Amino acid sequence: PDVNNYLIRVISELTENYKIDGIHYDYIRYHSIVYGYNKHGLSFFSKLNNYKIDLLDKDFHRLFLDFKSNSITKFVKRANIEIKNNLPNCIISAAVKPNIYDAKLTFYQEWDLWLSAGYIDWAVPMNYIVDNNDFVKNMYMIKNHLPKKYHDQIVVGISTYNQSARSAGKKINRVRKMQFYNISIFS
């Protein structure tokens with residue numbers, strides 16, 4: 001909570017004092033599914049929810065997953081309000097995991113909700129996968145899960161550090177055929 005409050009103060013200072021075109025959240029997620037199970041995180045969850053921690057209880061893990069997802073979403077919503085109050089035309093974007101289900105269940109990113117609720121203006125799925133089949137599978141998950149009206153707010157991240165220019169070019173052509181026209185190249 002203290003970090004979130006600090007970041008909101010930073011966002012407030014930036015958007016009150018500078019004419020910024022956009023703010024990008026580069027790492028707005030947990031590192032993995034095991035993060036957050038520290039003494040302070042568990043204690044905060046327990047006090048907030050009046051819940052006795054039992055790591056063997058399956059209900060606890062479901063509730064804690066929701067707690068972690070909600071905490072990030074609440075921050076994104078709160079930051080959006082601060083940014084848009086100060087700079088209504090400021091674009092808010094977020095780097096997100098490309099597998100929409102993994103994003104929520106492993107990294108606690110509800111980026112489809114952030115986009116549909118208007119908390120972010122652009123989602124940038126980091127689809128840096130070399131294997132073409134897995135790359136395309138992620139894109140179909142996005143295409144089939146998100147209503148078409150949000151597809152123009154997707155900026156597909158394609159990597160060049162781990163594959164040839166030809167392979168990256170094929171992926172660019174593929175996403176265009178799928179009617180995703182916004183692309184970000186990650187070197």
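Along the sequence shown, the residues carry numbers beginning at 1. Values in this document were obtained by computation on a predicted structure and should not be read as measured data. As a basis for the values below, the full set of heavy atoms in this structure was taken, side chains included, without hydrogen atoms, waters or symmetry mates.
Side chains of I172 and I185 form a contact here, defined as non-hydrogen atoms less than 4.5 Å apart. N138 has its side chain out of reach of P125: every pair of non-hydrogen atoms, C-beta onward, lies at least 4.5 Å apart. Side-chain contact between R78 and N5 is present, with heavy atoms from C-beta onward closer than 4.5 Å. Looking at heavy atoms from C-beta onward, W122 lies out of side-chain contact with N182 at the 4.5 angstrom threshold. When side chains are defined from C-beta on, Y6 counts as touching R9, because their heavy atoms get closer than 4.5 Å. Using a 4.5 Å heavy-atom cutoff, the side chains of N132 and K170 are not in contact. Contact of the W111 side chain with the V76 side chain is not registered, since no non-hydrogen atoms from C-beta on lie closer than 4.5 Å. Y30 places a side-chain heavy atom less than 4.5 Å from the side chain of S71.
The main-chain N or O of H151 is never found under 3.5 Å from a side-chain atom of K143 such that the two would form a donor-acceptor pair. With Q153 contributing its side chain and L115 its backbone, the two residues share no donor-acceptor pair below 3.5 Å. Under a 3.5 Å cut-off, the side chain of T106 and the backbone N or O of A103 do not form any donor-acceptor pair. When atom types are taken as modelled, the side chain of K171 and the backbone of V130 share a donor-acceptor pair closer than 3.5 angstrom. In this structure a side-chain-to-backbone donor-acceptor pair under 3.5 Å is missing from S43 to K39.
Using a 4.5 Å cut-off between side-chain heavy atoms of Ile, Leu, Val, Met, Phe, Trp and Tyr, with links allowed through other members, L65 and L113 fall into different hydrophobic clusters. Clustering ILVMFWY residues whenever any of their side-chain heavy atoms sit less than 4.5 angstrom apart, transitively, puts I120 in a cluster other than the one holding I81. At a threshold of 4.5 Å between side-chain heavy atoms, the hydrophobic network of Ile, Leu, Val, Met, Phe, Trp and Tyr places I154 and Y101 in one connected group. No chain of hydrophobic side-chain contacts below 4.5 Å, direct or via other Ile, Leu, Val, Met, Phe, Trp or Tyr residues, connects I92 to M126. Both I183 and Y150 sit in one connected hydrophobic cluster of ILVMFWY residues. Membership requires side-chain heavy atoms under 4.5 Å apart, directly or through other members.
The CD1 atom of I91 sits 11.0 Å away from the CD1 atom of I23 when rounded to the nearest 0.5 Å. With rounding to the nearest 0.5 Å, the separation of CD in Q163 from OH in Y128 is 11.5 Å. From C90, atom SG reaches atom CG of N85 across 12.0 Å, with rounding to the nearest 0.5 Å. Taken from CG in L7 to CG in D2, the straight-line distance is 11.0 Å, to the nearest 0.5 Å. The OH atom of Y119 lies 13.5 Å from the CD1 atom of I83; values are rounded to the nearest 0.5 Å. Summarising the geometry, atom CZ belonging to F135 is positioned 12.0 Å from atom CG belonging to N133; distances are rounded to the nearest 0.5 Å.
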Could you walk me through whether I8 and F75 pass the side chain to side chain contact (heavy atoms under 4.5 Å, CB included) check?
-> CA-CA 8 Å; I8 293 296; F75 171 80; 3.6 Å; yes

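A search for salt bridge (Lys or Arg N to Asp or Glu O under 4.0 Å) contacts involving D121 returns K84, not counting sequence neighbours. Partners of E110 by salt bridge (Lys or Arg N to Asp or Glu O under 4.0 Å), not counting sequence neighbours, listed by chain and number: K104.
The shortest heavy-atom contact between A94 and I28 is CB-CG2, 4.1 Å. Scanning all heavy atoms of the two residues, the minimum distance from E82 to E16 falls at OE2-OE2, 4.1 Å. In plain terms, the two heavy atoms of F107 and I72 that are nearest each other are O-CD1, 4.1 Å. Summarising the geometry of Y108 relative to K68, their closest heavy-atom pair is OH-NZ, 3.1 Å, with the distance given to 0.1 Å. Residues M139 and N127 share a closest heavy-atom pair of SD-ND2, 3.4 Å. Closest approach of Q109 and A95 over heavy atoms only: NE2-O, 3.2 Å.
Within a 6.0 Å sphere centred on OH of Y27, heavy atoms belonging to other residues, nucleotides or ligands number more than 12. Within a 6.0 Å sphere centred on CG of N17, heavy atoms belonging to other residues, nucleotides or ligands number more than 12.
At least one test fails for R62 against the ring of F64: distance under 6.0 Å to the centre or angle within 45° of the axis.
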